[in-house]
Peer 1: 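One structure, pasted below without further comment.
Predicted model, so just to flag it, every value in this text is computed and none were measured.
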Amino acid sequence: MEIFTSSTPNTTESDLRLANELLKRNVNIDTSLADLKKRFENIFPNEKTLFFNRGRDSLYFFLQLLKLKNIDEVIIQGFTCVSVVAPIVWSNVSPVFTDISSNDFNIDVEKLKERITENTRVVIVQHTFGNIANLKEISDLIEEFNTHRDTQSRIYIIEDCAHLFLDSYEKTDVGKYSDALFFSFAQDKIISCTQGSALVILNEKLKGFAMREYRKVDEVKESEAIYNARYIVLWERIKRDYFRKIVPFLNVTLGKLEILIFRFLGLIRRQASADSLKFDGIYKLSNVQARLLLEQLDKLKVFNDHREVITKIYCENLNKRLRFFPHDNYCLLRYPILIKNPNVVKNALRNEGVITGRWYSTAIFPMDPSKYKDIKFVSEKYPNVLNCCKYILNLPTHIAVSEEDALAICGIVNKVGTPI
């Protein structure tokens with residue numbers, strides 16, 4: 001097995017072929033963004049969908065629509081990515097964190113209630129790993145507060161769907177109780193164009209204003225647009241060479257060396273870091289990204305059906321004390337388990353060629369906890385977040401994981417892992 005949980009796991013031969021042709025400028029992409037908009041009109045009819053270069057750009061844009069004041073607060077769960085916190089910081093308002101439920105890795109509604117104040121203006125609801133949060137319960141809670149507020153101080157709900165992208169939402173509560181949704185199409189998401197995002201405006205009163213403001217957003221530079229195709233090509237090379245040792249008896253491989261070289265040359269970069277807290281502008285999605293995303297959209301149902309199959313294999317074959325059963329959606333981006341010795345299991349799987357992940361081994365990933373003071377996050381206040389960070393391990397569910405691979409992964413985890 002050679003399986004990677006992140007780093008363009010969805011890339012197929014047609015994606016790689018397209019990326020190479022884009023680099024050679026052999027593809028007519030003039031109508032790609034317009035074509036993408038039409039595809040989204042079928043998924044979200046009667047809604048306004050705006051496309052951005054990154055997920056954080058979408059969230060920042062939405063927050064700007066609300067004309068927030070410095071005293072306003074945005075509630076967000078711990079056990080999240082710094083890319084979600086960054087737009088709140090950019091907006092010069094306060095991120096207010098809340099604990100999660102260890103059962104579903106999503107926001108704990110009872111804890112959320114305790115965190116709402118007269119300054120709360122936004123609640124970000126994250127569907128962690130694609131496990132759908134309890135939107136009806138959250139919406140009922142927010143409505144309870146909004147009945148005592150005027151229009152200027154109402155609380156908005158935006159869904160963080162970065163880990164989730166379905167071909168149909170009819171059987172879920174996604175989009176039924178919120179003011180907006182944003183999706184990420186980064187390199188490690190359900191479908192990917194290396195970087196990219198969609199913001200779906202559901203609140204009727206915001207749609208016209210959103211469209212006017214969107215016209216003011218800058219186009220991404222050509223060099224940044226083509227970066228997305230180059231990233232796919234380079235990472236396919238890295239994955240091919242990742243386990244190819246160049247120093248006998250040492251853990252030095254050609255693929256790891258390539259990562260260092262390509263990052264040094266600026267050809268690839270980390271998608272999120274503590275530096276993400278520094279505002280660096282927002283941009284629209286490019287035609288290059290749109291074309292890459294259209295290629296992935298054509299395979300969305302195949303991808304999602306496969307993830308459901310792999311998720312169910314984990315549910316049925318892992319040690320009963322490790323199993324995670326999703327709520328309303330078995331198409332998980334990654335399959336989460338809480339295990340007493342996650343790094344031991346991670347290394348055992350790596351020895352068999354399976355690179356797993358640890359979203360989120362830190363509460364605001366991948367920030368160093370020593371820097372939490374910069375965003376006023378006090379770890380001790382969120383025991384469930386800390387517990388999950390300590391014990392979390394993510395298993396792959398993407399198209400490169402065969403059913404036989406998934407069963408083998410279960411065997412290794414059951415043999416080496418120690419349940420909590």
Peer 1: Say whether, by atom type as modelled, one donor and one acceptor occur between the side chain of N287 and the main chain of L33 under 3.5 angstrom.
Peer 2: yes
Peer 1: Restricting to ring pair (Phe, Tyr, Trp, His ring centres under 6.0 Å), what partner residues turn up for F40, sequence neighbours left out?
Peer 2: F51, F165
Peer 1: Does the pair F279 and V89 meet the rule for a side-chain contact (heavy atoms from CB on, under 4.5 Å), with working shown?
Peer 2: CA-CA 9 Å; F279 182 66; V89 174; over 6 Å; no
Peer 1: Counting only N and O atoms by type, is there a donor-acceptor contact under 3.5 Å from the side chain of H306 to the main-chain atoms of V401?
Peer 2: yes
Peer 1: Where do V217 and I282 come nearest, in terms of heavy atoms and distance?
Peer 2: CG1-O, 3.9 Å
Peer 1: Should the pair D57-R54 be classified as a salt bridge under the 4.0 Å nitrogen-to-oxygen rule?
Peer 2: yes
Peer 1: Identify the two heavy atoms, one from R56 and one from S276, that lie closest to each other, and give their separation to 0.1 Å.
Peer 2: NH1-OG, 3.3 Å
Peer 1: So does T418 get a backbone contact from the side chain of N341, meaning a donor-acceptor N/O pair under 3.5 Å?
Peer 2: yes
Peer 1: Please step through side-chain contact (heavy atoms from CB on, under 4.5 Å) for the pair T172 and L135, ending with a clear verdict.
Peer 2: CA-CA 10 Å; T172 75; L135 289 159; over 6 Å; no
Peer 1: Taking G175's backbone N and O only, do any of them form a donor-acceptor pair with E159's side chain (distance below 3.5 Å, no angle check)?
Peer 2: yes
Peer 1: Between I268 and W235, is there a side-chain heavy-atom distance shorter than 4.5 Å?
Peer 2: yes
Peer 1: Any donor-acceptor pair under 3.5 Å linking the side chain of N414 with the backbone of C410?
Peer 2: yes
Peer 1: Should the pair F52 and Y214 be assigned to parallel (<30°), tilted (30 to 60°) or perpendicular (>60°) ring geometry?
Peer 2: perpendicular
Peer 1: Ignoring hydrogens and angles, tell me if any N or O in the side chain of T98 forms a donor-acceptor pair with the backbone of Q77 under 3.5 Å.
Peer 2: no
Peer 1: If you take all heavy atoms of C315 and R323, which pair is closest and at what distance?
Peer 2: O-CD, 2.7 Å
Peer 1: Determine, stepwise, if the pair F377 / Y382 fulfils ring pair (Phe, Tyr, Trp, His ring centres under 6.0 Å).
Peer 2: CA-CA 9 Å; F377 182 84; Y382 315 105; 4.9 Å; yes
Peer 1: Do the side chain of Q195 and the main chain of N53 share a donor and acceptor less than 3.5 angstrom apart?
Peer 2: no
Peer 1: For the pair F44 and F183, name the ring-plane relationship: parallel under 30°, tilted 30 to 60°, perpendicular over 60°.
Peer 2: tilted
Peer 1: Is a salt bridge present between K37 and E41, judged by a nitrogen-to-oxygen distance below 4.0 Å?
Peer 2: no
Peer 1: To the nearest 0.5 Å, what is the distance between CZ (R230) and OG (S223)?
Peer 2: 8.5 Å
Peer 1: Taking the basic N atoms (NZ, or NE/NH1/NH2) and the acidic carboxylate oxygens, is any pair closer than 4.0 Å for R121 and D72?
Peer 2: yes
Peer 1: Mind checking whether Q296 and S192 have side chains closer than 4.5 Å, heavy atoms only?
Peer 2: yes
Peer 1: State whether R240 and E2 are salt-bridged, where the test is any N-O pair (Lys NZ or Arg NE/NH1/NH2 against Asp/Glu carboxylate O) under 4.0 Å.
Peer 2: no
Peer 1: Starting at CZ of F129, measure out to CG of N106 and round the result to the nearest 0.5 Å.
Peer 2: 9.5 Å
Peer 1: A quick test of your reading: do over 12 heavy atoms of other residues, nucleotides or ligands sit less than 6.0 Å from NZ of K38?
Peer 2: no
Peer 1: Taking the side chain as every heavy atom from C-beta outward, state whether L206 and L66 have any pair of such atoms under 4.5 Å apart.
Peer 2: yes
Peer 1: Indicate yes or no: does E204 engage K207 in a salt bridge with an N to O separation below 4.0 Å.
Peer 2: yes
Peer 1: Can you tell me how far CD1 of I100 sits from CG of L112, rounded to the nearest 0.5 angstrom?
Peer 2: 13.5 Å
Peer 1: Over 60° means perpendicular and under 30° means parallel, so classify the ring planes of F243 and F4, tilted if in between.
Peer 2: tilted
Peer 1: Locate the shortest heavy-atom distance separating C389 from A363; write the atom from each residue and the value.
Peer 2: SG-N, 3.4 Å
Peer 1: I'd like to know if R269 pairs up with D275 as an ion pair, taking the criterion as any Lys NZ or Arg NE/NH1/NH2 lying under 4.0 Å from an Asp or Glu carboxylate oxygen.
Peer 2: no
Peer 1: Verify the distance criterion only: is there a donor paired with an acceptor across the side chains of T12 and K299 at less than 3.5 Å?
Peer 2: yes
Peer 1: Within the 4.5 Å heavy-atom criterion, are I392 and F79 side-chain neighbours or not?
Peer 2: yes
Peer 1: Under the salt bridge (charged side-chain N to carboxylate O under 4.0 Å, His left out) definition, can you give me all pairs with a residue in residues 173-193, not counting sequence neighbours?
Peer 2: R154-D179
Peer 1: Please answer whether the main-chain N or O of N228 pairs with a side-chain N or O of T194 as donor and acceptor at a distance below 3.5 Å.
Peer 2: yes
Peer 1: Looking only at heavy atoms, which two atoms of N387 and S102 are closest? And how far apart?
Peer 2: ND2-OG, 4.3 Å
Peer 1: At what distance, to the nearest 0.5 angstrom, does CG of N351 lie from CD1 of I412?
Peer 2: 9.0 Å
Peer 1: Just to verify, what does F145 make a ring pair (Phe, Tyr, Trp, His ring centres under 6.0 Å) with, not counting sequence neighbours?
Peer 2: none
Peer 1: Is the number of heavy atoms from other residues, nucleotides or ligands within 6.0 Å of CG (D368) greater than 12?
Peer 2: yes
Peer 1: Hey, could you give me the CD1/CG distance between I420 and L338, rounded to the nearest 0.5 Å?
Peer 2: 5.0 Å
Peer 1: Taking the six-membered ring where the residue is Trp, are the ring centres of F182 and F61 under 6.0 Å apart?
Peer 2: no
Peer 1: So, the side chain of N394 versus the backbone of W359: is there a donor-acceptor pair under 3.5 Å, distance only?
Peer 2: yes
Peer 1: For Y335, run the side-chain contact (heavy atoms from CB on, under 4.5 Å) check against T397, I310, L393 and tell me which one passes.
Peer 2: T397
Peer 1: Given L292, which of I232, I29, D15 fulfils the side-chain contact (heavy atoms from CB on, under 4.5 Å) condition?
Peer 2: I232
Peer 1: Could you check if a side-chain atom of R350 sits within less than 4.5 angstrom of a side-chain atom of I355, using non-hydrogen atoms only?
Peer 2: yes
Peer 1: Tell me if the aromatic rings of F324 and F105 count as close, with their centers under 6.0 Å from one another.
Peer 2: yes
Peer 1: Cut-off 3.5 Å, side chains only: do S83 and Q271 have a donor facing an acceptor?
Peer 2: no
Peer 1: Would a 4.5 Å heavy-atom cut-off, applied to side chains only, mark D140 and E143 as touching?
Peer 2: no
Peer 1: Determine, step by step, whether R25 and E222 satisfy the salt bridge (Lys or Arg N to Asp or Glu O under 4.0 Å) criterion, reporting the C-alpha distance in whole Å, the side-chain angles of both residues, the deciding distance to 0.1 Å, and the verdict.
Peer 2: CA-CA 12 Å; R25 309 299 199 273; E222 183 181 356; 3.4 Å; yes
Peer 1: Which heavy atom of V82 sits nearest a heavy atom of P366, and at what distance?
Peer 2: CG1-CD, 3.8 Å
Peer 1: Under 4.5 Å between any side-chain heavy atoms of M367 and L277, yes or no?
Peer 2: yes
Peer 1: Do side-chain atoms of R115 reach the backbone of F97 as a donor and acceptor pair under 3.5 angstrom?
Peer 2: yes
Peer 1: Between R39 and D35, is there a salt bridge with N-O shorter than 4.0 Å?
Peer 2: no
Peer 1: Measure the CG-CD1 distance between L395 and I313 for me, rounded to the nearest 0.5 Å.
Peer 2: 12.0 Å
Peer 1: Quiz question: by atom type and distance under 3.5 Å, do the side chains of S168 and E170 form a donor-acceptor pair?
Peer 2: no
Peer 1: Answer yes when D241 and R244 have at least one side-chain N-carboxylate O distance shorter than 4.0 Å, and no when they do not.
Peer 2: yes
Peer 1: Hey, is NZ on K48 packed in by over 12 heavy atoms from elsewhere, all under 6.0 Å?
Peer 2: no
Peer 1: Side-chain contact test, heavy atoms from C-beta onward, threshold under 4.5 Å: evaluate it for L16 versus V233 and give yes or no.
Peer 2: yes
Peer 1: Looking only at the side chains, is there a donor atom on one of S286 and E219 sitting less than 3.5 Å from an acceptor on the other?
Peer 2: no
